[in-house]
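Quick note: numbers below take in every heavy atom, side chains included, and nothing from hydrogens, waters or symmetry partners. Residue numbers start from 1 in every chain, and the chains themselves are labelled A, B, ... in the order their sequence lines are given, proteins ahead of strands.
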There are 2 protein chains.
Amino acid sequence: MSSSEAESDATGPRARQRAARRRQILEAAERVFAETGFEGASMAALAAAAGLPKANLHYYFGTKEALYAALLNDLLDLWLSATDRIRPESDPAEALAAYVRAKMAWSRERPRASKLFANEVLRGAPHLAPHFAGPLRALVEEKSRVIEGWIAAGRMAPTEPRHLFFAIWAMTQTYADFAPQIEAVLDVPSLGPREFADGTATVLQLVLRGCGLSLAGGRVQPALEAIRN
Amino acid sequence: MSSSEAESDATGPRARQRAARRRQILEAAERVFAETGFEGASMAALAAAAGLPKANLHYYFGTKEALYAALLNDLLDLWLSATDRIRPESDPAEALAAYVRAKMAWSRERPRASKLFANEVLRGAPHLAPHFAGPLRALVEEKSRVIEGWIAAGRMAPTEPRHLFFAIWAMTQTYADFAPQIEAVLDVPSLGPREFADGTATVLQLVLRGCGLSLAGGRVQPALEAIRN
DNA sequence: ATTTATGCTGACCATTTGGTCAAGTTTCTT
DNA sequence: AAGAAACTTGACCAAATGGTCAGCATAAAT
């Protein structure tokens, strides 16, 4: 027993350093994969971004595929989160608004993760198919039933809940995935607080009014004027 | 004169065959590029998809980059179209509904074009930057002024028109770009008329109600029940 | 101090990549 | 019929790709 203390997550100084290196590589890989896609990212480029020799990446992750898969895996949790507030007893307007805001914040803070995800789905989502058909579908089903409950109780306008989710995902993630297009149209060098505030306000308006809802006080865009002035 | 009849678009049998070959190559390239992205598509794969030797593609387009650029160029027109109905004298609800329907139809009929476009924007849109900053921005500005006119006239709810466009683009294109995810969540092998009808109805509802509008007769989803039954 | 397990990396390899080219074939003009 | 122009393609190339591995360094355990 005394000699075999190598429990997988024993936080010895060894395991800690190993985890740090893994994070270092993954962080760099997220940047490179998000900017160039899977095929566009060469092991040489990934190694350069991480500041390590190529062989070192292979030591930690084996293959490029495995590194990519490890990266995607880390994102899945992010995707499923932020639906907490959607519960039967919640106020529909508040719950949906919180979800939209969380998604927008995610687009702002983790745009590379969003792009990585988009890249993978565009490629046919080979690595995500199990997750889509499993946990994601289950979550959407569960939350859709909550929304259908709200509708049945007359608390919001009849709406296809699954397609409502697709719409929210699309509108919020576009601020990460299609940032170059938005920047060009708005004629700004990059998306800042102003653009995200306007975007959030617009998405909130479409979702809430679209579902026949309004936030407490009847203000659909509570933070907007405050930010603008 | 008689000998130099080779006007660039003289539709001689020569020029016609040349154009046909170009289309044959472009059509195959759209498939391959859309499925694998620019870096993921090899000249060998492109040639195989077109049923031609590799050197033949180089004869017509020079480089892979040039072939890709030619392909993207063809899509730009598609992008700018479908805003015709958005004019000062139009009915806001009808105009926006027509635009949403046109965009949805485009996602259904040309999903590969949409994916190609998405792939390019994810890569930072190097080839599209001039188009974004030029014709696209100009078009959006023009149409945004129309919408602002509608708002000023009290014909629809106050809405940031540029962000409204971003939202419409995102919601409609997601049915092409993120099809694998939507299919998995809905548990269908592919998106058919039913899914597009539901999607269109939901997007229309969010956009129209979101903007304080409704279609003539107050029915937000005019075609929905007809299709379902 | 010595052994042992783990971490690290330069040099190397087979394969694939985008692209070229010379030698052909076909089609048009005269 | 002859020549010119456009088209086609197998064979080839230098460069880049993902991946391997033997040998070395470092730290842990004895």
B/R21 side-chain N/O to D/dC7 phosphate OP1/OP2 under 4.0 Å: no
Given D/dC21, C/dG19, D/dT9, the nucleotide with the shortest approach to the side chain of B/K64: C/dG19
Distance test, side-chain N/O of A/Y59 to OP1/OP2 of C/dC8, below 4.0 Å: no
Residues B/E141, B/R162: salt bridge by 4.0 Å N-O rule: yes
All side-chain hydrogen bond (donor to acceptor under 3.5 Å, both in side chains) counterparts of A/R31, not counting sequence neighbours: A/E27
Gap between atoms CZ and C1', on B/R16 and D/dC7 respectively (whole Å): 17 Å
B/Y175 side chain reached by B/R108 side chain, heavy atoms, under 4.5 Å: no
Student check: side-chain heavy atoms of A/E195 and A/I182 closer than 4.5 Å: no
Could you write out each protein N or O paired with an N or O of nucleotides 23-27 of chain C at a distance under 3.5 Å?
none

Side chain B/R137, main chain A/L186, donor-acceptor under 3.5 Å: no
Side chain to side chain donor-acceptor pair (under 3.5 Å) assessment of A/S190 paired with A/E183: CA-CA 6 Å; A/S190 73; A/E183 286 160 7; 5.5 Å; no
Could you give the side-chain donor-acceptor pairs of residues 36-50 of chain B under 3.5 Å, partners two or more places apart or in another chain?
{"unit_1": "B/T36", "atom_1": "OG1", "unit_2": "B/V32", "atom_2": "O", "d": "2.8"}
{"unit_1": "B/T36", "atom_1": "OG1", "unit_2": "B/A41", "atom_2": "N", "d": "3.4"}
{"unit_1": "B/E39", "atom_1": "OE2", "unit_2": "B/R123", "atom_2": "NH1", "d": "2.7"}
{"unit_1": "B/S42", "atom_1": "OG", "unit_2": "B/A45", "atom_2": "N", "d": "3.0"}

Nearest to side-chain heavy atoms of A/Y60, which nucleotide of C/dG7, D/dT9, D/dG19: C/dG7
Contacts of type side-chain hydrogen bond (donor to acceptor under 3.5 Å, both in side chains), residue A/E142, not counting sequence neighbours: none
Electrostatic pair B/E35-B/K115, nearest N-O below 4.0 angstrom: no
Set of salt bridge (Lys or Arg N to Asp or Glu O under 4.0 Å) partners for A/E65, sequence neighbours left out: none
Counterpart residues, side-chain hydrogen bond (donor to acceptor under 3.5 Å, both in side chains), relative to A/S114 (two or more places apart): A/D177
Axial bend angle, the helix from C/dA1-D/dT30 to C/dT30-D/dA1: five-pair end segments, nearest 10°: 0°
Residues within residues 67-74 of chain B bordering DNA chain D, heavy-atom distance below 4.0 Å: none
Neighbours of DNA chain D within residues 30-47 of chain B, by heavy-atom distance under 4.0 Å: none
Of all pairs that satisfy side-chain hydrogen bond (donor to acceptor under 3.5 Å, both in side chains), the ones with a partner from residues 68-86 of chain B, not counting sequence neighbours: B/Y68-B/E120
Salt bridge (Lys or Arg N to Asp or Glu O under 4.0 Å) contacts touching residues 50-60 of chain A (sequence neighbours left out): none
Candidate nucleotides D/dG18, D/dC7, C/dT9, ranked by approach to the side chain of B/R18 - the nearest: D/dC7
Residue closer to the 5' end of DNA chain D, A/A55 versus B/K54 (nearest nucleotide): B/K54
Distance in Å, B/W169 CH2 paired with A/M171 CE, rounded so as to fall on 0.5 Å steps: 15.0 Å
From CG (B/L76) to CZ (B/F132), nearest 0.5 Å: 8.0 Å
Separation of atom CG in A/L57 from atom C1' in D/dG19, rounded to whole Å: 12 Å
Neighbours of DNA chain D within residues 116-123 of chain B, by heavy-atom distance under 4.0 Å: none
